[in-house]
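Below you'll find the structure, written out as structure tokens, and then a few comments.
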Amino acid sequence: MATIVAALLAMTLITDPYFYAVSIPAVLLLGISKSGFGAGFGSLAVPMMALAVTVPQAAAILMPVLLVMDLLGMAAFRNDVDRALLKFLLPFGLLGIAIGTLLFKLLDAHLVAGIVGVFTLLFLAQRLVFPPRPDSPPPPRWVGALLTVTSGFTSFIAHAGGPPINAYVIPLRLSPVLFTGTLAFFFFFINVSKWIPYAWLGLLDWRNLFTSLVLLPFAPLGVWVGVRIAHRIKPRLFYRMIYLGMLLTGLKLVWDAWGVSTWG
């Protein structure tokens with residue numbers, strides 16, 4: 001009987017302990033980033049899970065987890081949204097999703113992730129070498145449009161939409177809560193729009209969905225931890241943590257892409 005149960009589990013979900021050893025911390029980190037605290041860290045989730053499964057499978061497994069996290073994030077920050085900014089961002093983010101759908105099978109996910117990593121590190125270098133003055137104007141809207149399209153595209157390929165959108169929104173100097181709430185709603189619509197393309201591409205199957213159910217309980221835990229911190233952290237420290245998250249994310253993504261090209 002035990003053998004039959006084990007065989008059924010192997011058919012319906014991933015049973016490799018190593019997968020869960022890297023995936024549970026990845027989901028917790030993603031939940032914390034969804035709350036706004038350490039927003040840059042969320043893009044590490046897929047690279048972490050890719051240590052045990054392929055990048056497309058990791059992205060597919062995270063889909064239900066992201067849905068729960070997005071709903072929790074919107075509930076927590078429902079009164080803290082820059083609606084004008086959100087209205088500007090969404091069309092360009094959805095355009096990025098459409099581009100990602102069309103190019104998904106043509107592009108290597110590690111290469112895309114590596115490109116995201118390089119631009120993330122360049123953005124951070126620019127902020128350090130040429131720090132913005134208090135009276136410096138926000139980035140032009142065409143830059144915001146380009147970065148938001150990139151965010152939608154990289155979000156579709158590897159759930160790595162955080163760094164590009166952060167590069168535009170951070171210089172706007174929103175309060176931590178408004179920053180978090182606006183991006184929570186943005187990524188809810190972005191992630192919901194992925195479901196049909198992911199199904200069309202054959203990425204959603206029962207094994208991935210059942211594996212998602214095992215990881216789901218860790219989603220609200222990560223969001224809860226992050227929300228409690230985001231409501232109490234000072235803006236200066238908040239943005240420093242985002243920079244740290246983006247630095248680690250950029251280094252990890254570039255390292256993964258370089259490793260694939262060198263040893264793959």
Please list, chain by chain and in numerical order, all residues satisfying side-chain hydrogen bond (donor to acceptor under 3.5 Å, both in side chains) with Asp82, sequence neighbours excluded.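 Listed in chain order: nothing, the list is empty.
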[X]-[Y] co-clustered via ILVMFWY side chain contacts under 4.5 Å:
{"X": "Leu106", "Y": "Phe104", "result": "yes"}
{"X": "Ile97", "Y": "Trp195", "result": "yes"}
{"X": "Phe92", "Y": "Val192", "result": "yes"}
{"X": "Leu103", "Y": "Leu95", "result": "yes"}

Can you see whether Ser155 engages Lys194 through a side-chain donor-acceptor pair at a distance of less than 3.5 angstrom?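 Yes, a side-chain donor-acceptor pair sits under 3.5 Å.
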Just wondering, do [Y] and [X] contact through their side chains at under 4.5 Å, heavy atoms?
{"X": "Thr101", "Y": "Trp200", "answer": "yes"}
{"X": "Thr180", "Y": "Asp80", "answer": "no"}
{"X": "Pro139", "Y": "Leu172", "answer": "yes"}
{"X": "Met49", "Y": "Phe19", "answer": "yes"}
{"X": "Asn208", "Y": "Leu203", "answer": "no"}
{"X": "Phe186", "Y": "Ile165", "answer": "yes"}
{"X": "Leu66", "Y": "Phe187", "answer": "no"}
{"X": "Thr182", "Y": "Val169", "answer": "no"}

Which value, rounded to the nearest 0.5 Å, describes the distance between [X] atom [atom1] and [Y] atom [atom2]?
{"X": "Ile61", "Y": "Thr211", "atom1": "CD1", "atom2": "OG1", "value": "5.0 Å"}
{"X": "Phe188", "Y": "Leu67", "atom1": "CZ", "atom2": "CG", "value": "6.5 Å"}
{"X": "Thr154", "Y": "Ile99", "atom1": "OG1", "atom2": "CD1", "value": "11.0 Å"}
{"X": "Ser23", "Y": "Leu30", "atom1": "OG", "atom2": "CG", "value": "11.5 Å"}
{"X": "Asn79", "Y": "Phe77", "atom1": "CG", "atom2": "CZ", "value": "11.0 Å"}
{"X": "Leu147", "Y": "Tyr168", "atom1": "CG", "atom2": "OH", "value": "9.0 Å"}

What's the shortest heavy-atom distance between [X] and [Y], and which atoms?
{"X": "Asn166", "Y": "Pro171", "answer": "O-CD, 4.0 Å"}
{"X": "Ser193", "Y": "Pro197", "answer": "O-CD, 3.2 Å"}
{"X": "Thr150", "Y": "Leu146", "answer": "OG1-O, 2.9 Å"}
{"X": "Ala219", "Y": "Val68", "answer": "CB-CG1, 4.4 Å"}

Quick one: do Trp255 and Leu251 satisfy side-chain contact (heavy atoms from CB on, under 4.5 Å)? Show the steps, please. CA-CA 6 Å; Trp255 174 260; Leu251 291 174; over 6 Å; no
Does Ile196 have more than 12 heavy atoms from other residues, nucleotides or ligands lying within 6.0 Å of its CD1?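 Atom CD1 in Ile196 is not crowded, with 12 or fewer foreign heavy atoms closer than 6.0 Å.
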With no hydrogens and no angle check, is any side-chain donor or acceptor of Tyr20 less than 3.5 Å from a backbone partner on Ile14?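 It does hold such a pair.
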Show, in sequence, the C-alpha distance, side-chain angles and deciding distance for Leu178 and Leu85, and conclude whether the side-chain contact (heavy atoms from CB on, under 4.5 Å) test is met. CA-CA 11 Å; Leu178 196 60; Leu85 177 60; over 6 Å; no
I'd like to know whether the aromatic ring centres of Tyr198 and Phe156 sit less than 6.0 Å apart in this structure.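 They qualify: ring centres under 6.0 Å apart.
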